[in-house]
Amino acid sequence: MRLLVVEDDETLAKVLVRGLTEEGHAVDRAGTVAGAEEHLGVHAYDLVVLDLGLPDGDGLDLARRMRADGAAVPILMLTARDGLSDTVAGLDAGADDYLAKPFAYPELAARVRALLRRPAATSTPVLEVGDVSLDPAVHRVWRGAIMVPLTPREFSLLEYLMRRPGEVCGRDDLLDHVWDAHYDGLSNVVDVHIANLRRKLELPGEPDPIETVRGVGYRMVTP
Ligand code: CA
């Protein structure tokens with residue numbers, strides 16, 4: 001998933017970016033309201049972690065503007081303020097959840113997982129396409145009954161495809177959601193990761209669960 005961390009405290013921002021990256025997310029960071037708006041204008045994010053007090057403005061105003069623009073992305077608001085009125089203001093402004101500083105990183109990670117799970121939680125918490133299953137809660141993947149160990153990036157790539165079964169996902173779309181803005185490596189990085197995924201998901205006698213749509217991208221084959 002692609003995440004935006006909007007936080008002006010360098011130390012805290014580094015901890016958040018490092019932790020969320022290690023969990024396999026593509027994470028961008030902004031330290032100001034203006035920087036956040038720039039990122040939001042370029043990428044479609046799956047979740048935004050938003051600090052309340054920023055050097056050039058208020059996270060509440062930014063959240064209100066995002067909602068007014070029709071953005072449905074989950075927002076986890078961070079603040080040093082702890083009063084009930086700020087909680088209410090944050091939720092009124094459109095935040096989905098709220099975390100008062102100081103907090104321990106695992107608490108933030110748990111809230112992020114819960115928010116990212118939310119749309120799927122009501123129907124199928126475990127994603128299933130054909131004989132491939134993926135459990136976002138425990139970061140596990142199976143082909144049939146066989147558990148398939150994946151790297152965090154491979155997991156994110158597969159999760160993105162599996163949330164859009166049968167839909168063709170372009171290379172740019174995948175780069176945008178699974179890799180972060182500072183990615184400047186090889187342009188065939190998507191193809192390389194898809195090749196690794198296919199090799200790991202291979203089951204003798206069974207068809208390839210990922211289809212190449214020539215010149216366009218990839219899709220999860222639906223039965
Ligand atoms: Ca701040």
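Just follow the structure's listing: the first ligand is 1, and inside any ligand the first atom is 1.
- Contacts of Arg18 classified as side chain to side chain contact (heavy atoms under 4.5 Å, CB included), with partners at least two apart in sequence or in another chain: Glu22.
- Listed by chain and residue number, the protein N/O/S atoms under 3.0 Å of the Ca ion (ligand 1) are Asp8 OD1, Asp51 OD2, Gly53 O, with waters left out.
- No continuous path of hydrophobic side-chain contacts links Val221 to Leu201 [ILVMFWY only; heavy atoms under 4.5 Å].
- Cation-pi geometry between Arg163 and Tyr160 is not satisfied (NZ or CZ under 6.0 Å from the ring centre, within 45° of the ring normal).
- By the 4.0 Å N-to-carboxylate-O rule, Arg67 lies close enough to Asp96 to be salt-bridged with it.
- The other residues sharing a hydrophobic cluster with Leu203 are Ile146, where clustering joins ILVMFWY side chains under 4.5 Å apart.
- When hydrophobic side chains of Ile, Leu, Val, Met, Phe, Trp and Tyr are connected at separations under 4.5 Å, Val213 ends up clustered with Val168, Val216.
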